[in-house]
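What follows is a short report on a single structure.
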Amino acid sequence: MYEEFYGLTEKPFSIQPDPEFLFFGLRHSMAYAMLEYGVQNRAGFSVICGDIGCGKTTLVRHMLNNLGDELTVGIVYNTHQQIDDLLSWIMLAFNQPYEGKSHLALFDDFQQFLIRSYGEGKRVVLIIDEAQNLTPSSLEALRMLSNINVDKDQLLQIILVGQPQLRDLLRRPELQQFIQRVAVDFFIPPLEAFEVDKYILHRLHIAGRDTPLFTPAATKLIAQAARGIPRSINILCDMALVYGYSTNVDKIDVNLVREVIRDRADFGVLGA
């Protein structure tokens, strides 16, 4: 809609997770370094938490794009309350048969899959997204899965990705044994105010524009209104570009951003 008008090759502020647009702020850089360290050093459990919209999924997808061929990765996007069901999703994540099998049969099949992969020189990494939905009993069952070893080699690495509730869940007293298995953990906070300008410029650059499009005052207001959350920044920037295009302005200033925020509060279905 507004791409050609503003000299862009694509929409710079889509809310879909896209590794090509990943912005490495200070905390995101540290989180990625921790993830990479965990995978390379065969950490049994790695945990990445952060608020909704702070870029956890994008970070994981960037990591997936840079993994070596020696890794076999399965991702569970749908978390469930019972480990029987979760184990079926784990088998599905690795393209293994799971239908019509008992929990015991699934466990044995998964163990054999890990052993075969080890024999082929493959390391198996399981990523569970939205892990805050898991129950303590499900986490304990995951801990038992991580006990499958050959000699001194651990056959399964598990990465848990979730919202702040996951951090609260893991702090429960009954999960002490689980916590002792977590070798890597990191919490991704919202962007600092000074990072928001760099974030916006970065996404514009990836989308084909190097000339600043938002005034400093507009960027400051966006940072405040979005509270540093990348997804919220994207929504505000995208709407500002729509407003700018519709009124034929070549630069997004603070008054236009203020109008976007006011209209979202007054006329949006969800309010401000």
Side-chain angles (χ1 to χ4, degrees), residues 32-49 56-57 59-162 166 169-170 174-186:
Y32 185 78
M34 296 295 283
L35 269 176
E36 195 172 43
Y37 171 83
V39 170
Q40 291 179 353
N41 289 273
R42 301 173 182 263
F45 282 93
S46 300
V47 178
I48 299 294
C49 291
K56 303 181 297 295
T57 301
L59 197 71
V60 169
R61 290 191 178 183
H62 179 76
M63 182 190 71
L64 292 176
N65 289 342
N66 291 278
L67 292 177
D69 294 336
E70 76 280 4
L71 295 175
T72 299
V73 180
I75 307 177
V76 175
Y77 292 105
N78 300 288
T79 47
H80 293 267
Q81 297 297 309
Q82 300 299 322
I83 186 59
D84 288 0
D85 198 26
L86 179 60
L87 190 52
S88 296
W89 282 98
I90 291 172
M91 293 291 283
L92 176 62
F94 289 106
N95 296 314
Q96 300 298 306
Y98 65 92
E99 294 181 300
K101 296 188 177 185
S102 67
H103 174 66
L104 181 61
L106 284 173
F107 183 88
D108 182 61
D109 287 351
F110 186 63
Q111 181 172 249
Q112 295 305 314
F113 162 71
L114 293 177
I115 293 172
R116 286 196 309 273
S117 298
Y118 178 80
E120 296 167 358
K122 298 278 190 178
R123 290 195 287 127
V124 179
V125 179
L126 170 65
I127 300 173
I128 299 184
D129 202 5
E130 301 297 341
Q132 74 278 354
N133 295 327
L134 297 175
T135 62
S137 60
S138 295
L139 289 169
E140 176 61 18
L142 285 175
R143 186 181 71 84
M144 298 303 294
L145 286 180
S146 74
N147 286 336
I148 303 174
N149 300 321
V150 171
D151 297 326
K152 295 182 179 180
D153 293 324
Q154 189 162 322
L155 301 190
L156 177 65
Q157 295 176 246
I158 300 175
I159 299 174
L160 302 181
V161 183
L166 174 60
L169 173 62
L170 294 176
E174 64 266 36
L175 291 173
Q176 277 292 318
Q177 281 188 296
F178 185 93
I179 284 295
Q180 291 172 3
R181 298 289 185 88
V182 177
V184 172
D185 64 290
F186 198 86

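Remember, it's a predicted structure, so these values are computed and weren't measured experimentally. What's counted below: heavy atoms across the whole structure, side chains too, no hydrogens, waters or symmetry copies.
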Inset, instruction - Work out which heavy atom in Leu170 is nearest to a heavy atom in Phe178; give both atom names and the distance. - result: CD2-CE2, 3.6 Å

Inset, instruction - Taking the side chain as every heavy atom from C-beta outward, state whether Met63 and Val125 have any pair of such atoms under 4.5 Å apart. - result: no

Inset, instruction - Just jot down the side chain to side chain donor-acceptor pair (under 3.5 Å) partners of Arg181, sequence neighbours excluded, or say none. - result: Ser146, Asn147

Legend entry - Shortest non-hydrogen contact between Ala105 and Lys101, atoms and distance: CB-CB, 4.2 Å

Inset, instruction - Compare all side-chain heavy atoms of Leu59 with those of Phe186 and state whether any distance is below 4.5 angstrom. - result: no

Legend entry - Interatomic spacing from CG in Leu156 to CZ in Arg42 - rounded to 0.5 Å: 12.0 Å

Legend entry - CD on Gln96 to CD on Gln112, rounded to 0.5 Å: 11.0 Å

Inset, instruction - Could you pull out the closest heavy-atom pair between Gln132 and Val161, with the gap in Å? - result: OE1-O, 4.5 Å

Legend entry - Note, Ile115 side chain near Leu155 side chain (heavy atom, < 4.5 Å): yes

Inset, instruction - Kindly say whether Val39 contributes a backbone atom to a donor-acceptor pair with the side chain of Arg123 at under 3.5 angstrom? - result: yes

Legend entry - Backbone N/O of Ser46 and side chain of Gln157: donor-acceptor pair under 3.5 Å: no

Legend entry - Minimum heavy-atom distance Val76-Ala93, with the two atoms named: CG2-CB, 4.1 Å

Inset, instruction - Would you mind reporting whether Asp129 and Val60 have side-chain heavy atoms less than 4.5 Å apart? - result: no

Inset, instruction - For Ser88 and Leu106, work out which heavy atoms get closest and say how close. - result: OG-CD1, 3.5 Å

Inset, instruction - Hey, could you give me the CG/CD1 distance between Leu166 and Ile48, rounded to the nearest 0.5 Å? - result: 10.0 Å

Inset, instruction - Calculate, to the nearest 0.5 Å, the distance between atoms CH2 and OH belonging to Trp89 and Tyr77 respectively. - result: 12.0 Å

Inset, instruction - List the atom of Gln111, the atom of Ile148, and the distance in Å for their closest heavy-atom pair. - result: CG-CG2, 3.9 Å

Inset, instruction - With the side chain counted from C-beta on, respond yes when Leu142 and Leu160 share a heavy-atom pair under 4.5 Å apart, and no when they do not. - result: yes

Legend entry - Side chain to side chain, Phe45 and Ile179, heavy atoms closer than 4.5 Å: no

Inset, instruction - Taking Lys122 for its side chain and Asp69 for its backbone only, find out whether a donor-acceptor pair lies under 3.5 Å. - result: yes

Inset, instruction - Determine whether Leu145 and Phe107 make a side-chain contact, defined as any pair of heavy atoms from C-beta on separated by less than 4.5 Å. - result: yes

Legend entry - Full working for side chain to side chain contact (heavy atoms under 4.5 Å, CB included) between Thr72 and Phe113: CA-CA 11 Å; Thr72 299; Phe113 162 71; 4.2 Å; yes

Legend entry - Nearest-0.5 Å distance, CG of residue Asp185 to CG of residue Leu35: 11.0 Å

Inset, instruction - Calculate, to the nearest 0.5 Å, the distance between atoms NE2 and CG belonging to His103 and Leu86 respectively. - result: 10.0 Å

